[in-house]
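For reference, the structure discussed in these notes is given below.
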Amino acid sequence: MGDLISLFINSVFIGNILLAYFLGMCSFIAVSKNIETATGLGFAVIFVLAVTSPVNWVIYHGLLAPGALAWAGFPDFDLSFLTFITFIAVIAAIVQAIEMVIDKYLPLLYTTLGVFLPLIAVNCAILGTALFMVERNYTFMESIVYGTGSGTGWMLAIVSMAAIRNKIKYSDVPKGLQGFGITMIIAGLMAMTFMMFSGITL
Amino acid sequence: MTQERTNYIDIVIKGIWRENPVAYQVLGICSSLAVTVRMSTAIVMGIALTVVTAFSSMLISSLRKMIPSNIRIIAELAIVASLVIATDQILKAFLYDISKQLSIFVGLIITNCIVMGRAEAFALANKPLDSFFDGIGNGLGYTLVLVIVALIREFLGSGKFLGFNIIPQFALDAGYQNMGLMVLAPGAFFVIGLLVWLKNSLPGISKEER
């Protein structure tokens, strides 16, 4: 249990998917202009990550990993080269399915999250988390915790960035630095503060 | 013939400089930051992305009349993913060390906005060969930014150029220290931010309105 909590803290702060590994930057820059939309997208990312990571784990360890097809009588098969295309297809399919379910049963949630869901299918944070999960050999439980943790870290980063950008409107930023440039500098400062958490072990 | 050739050169230059995807359209910066601690990884990553963009643009463009427009995203993703798998396998076979260092970022070319962006914006409306050169131009433009960032980070962060030490020993003896910040993630953000500032301050370049 302690391991899982420590993994969660690690994926939220020190190994923040956005600030330490630069994943999901495109939507981070584009959607961080307004706190409400940033929060909506953040929740959507947490949700999708918490669902896709375990599903991808099951598919990888049940079908793709070297020797994973032993249960079907093919112990020599190694389909791991299909990882990329399978993961992206799984993610796209799950996002589509989630969108349809929410649309049918939770119309209120759909009005806030709905517009973001298609965006998420091509968000590199989702595919990146799945690939990190394979590369670091996480167990099934760890993959759930890691997925949720990365999503939480991503949301934390985008919501604080939206809040800062809201305030920066009133500051006197040098002309050439306005917009994208200052966003990058702020992200750098945020990355520094998030790194302060390294060294904490539970 | 010469007419056509200048046309291709023009398309390539447009991607590298005038409409550089990273600097002007803020596309694909995800990986452009993560692989820039060292020059070698940045160069390999740049080449991999150039190859994938060029061939995916060409393939998508030659299939553009056959792909129904409502499922085109899926079709494009399938083409891009297959090309990325091929690239990854080639890297693993011939450049194993670098492919280990690039870790998941080769796979993330699939979701890189440049590849899909060029497919959507250029390949769907142009001839295969034009799209091929457009892909090469944009890939090289991305490589250029990547290499510049990597150059700065490798030099300031570990005092090296392509893996060779270039800070003389007497400078180290005199108290010179490498800037540890540059090796870490925040360094990449600062370098990109400052480069954008520099780009916006250069005369004769249209400013982005935000």
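No experiment lies behind these values; they were computed from the predicted model shown. Chain identifiers are assigned alphabetically (A, B, ...) following the order of the sequence lines, protein sequences preceding nucleic acid strands; residue numbering begins at 1 within each chain.
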### Query
What do you reckon, is CZ of Phe155(B) surrounded by more than 12 foreign heavy atoms closer than 6.0 Å?
no
## Note on the structure
With chain B, the option among Ile85(A), Leu177(A), Thr83(A), Leu131(A) that has the most non-hydrogen atom pairs under 4.5 Å is Leu177(A)
### Summary
In terms of heavy-atom contacts, Pro186(B) and Ala191(A) come closest through CG-CB, 3.8 Å
### Side chain / backbone / both / neither for Leu18(A) at chain B, heavy atoms under 4.5 Å
backbone
### Message
Does Phe55(B) have more than 12 heavy atoms from other residues, nucleotides or ligands lying within 6.0 Å of its CZ?
### Response
no
#### Entry: Within-4.5 Å side-chain heavy-atom neighbours: Ile192(B) and Ile185(A)
no
### Task
Could you go through the ring-ring contact (aromatic ring centres under 6.0 Å, His included) check for Phe105(B) and Tyr21(A) one step at a time?
CA-CA 10 Å; Phe105(B) 290 98; Tyr21(A) 294 104; 7.3 Å; no
### Task
Check step by step if side-chain contact (heavy atoms from CB on, under 4.5 Å) holds for Leu184(B) and Met195(A).
CA-CA 9 Å; Leu184(B) 302 172; Met195(A) 286 179 89; 3.7 Å; yes
### Query
What distance separates Phe189(B) CZ from Met25(A) CE, expressed to the nearest 0.5 Å?
4.5 Å
## Note on the structure
Taking a cut-off of under 4.5 angstrom between non-hydrogen atoms, the residues of residues 83-99 of chain B near chain A are Val84(B), Ile85(B), Asp88(B), Gln89(B)
### Query
Top residue by heavy-atom pair count (under 4.5 Å) with chain B, among Val134(A), Ile182(A), Leu189(A)?
Leu189(A)
### chain A contact residues among residues 120-127 of chain B, heavy-atom distance under 4.5 Å
none
### Message
Let's go through Ile110(B) and Phe87(A) carefully: what are the C-alpha distance in whole Å and the side-chain angles of both, what is the deciding distance for side-chain contact (heavy atoms from CB on, under 4.5 Å) to 0.1 Å, and is it a yes or a no?
### Response
CA-CA 11 Å; Ile110(B) 300 176; Phe87(A) 279 7; over 6 Å; no
### Query
Can you check whether Met192(A) reaches Phe190(B) side chain to side chain, under 4.5 Å on heavy atoms?
yes
### Minimum heavy-atom distance between Phe22(A) and Ala188(B), given as atom pair plus value
CZ-CB, 3.8 Å
### Query
If you measure from CG on Leu195(B) to CZ on Phe180(A), what distance do you get to the nearest 0.5 Å?
10.0 Å
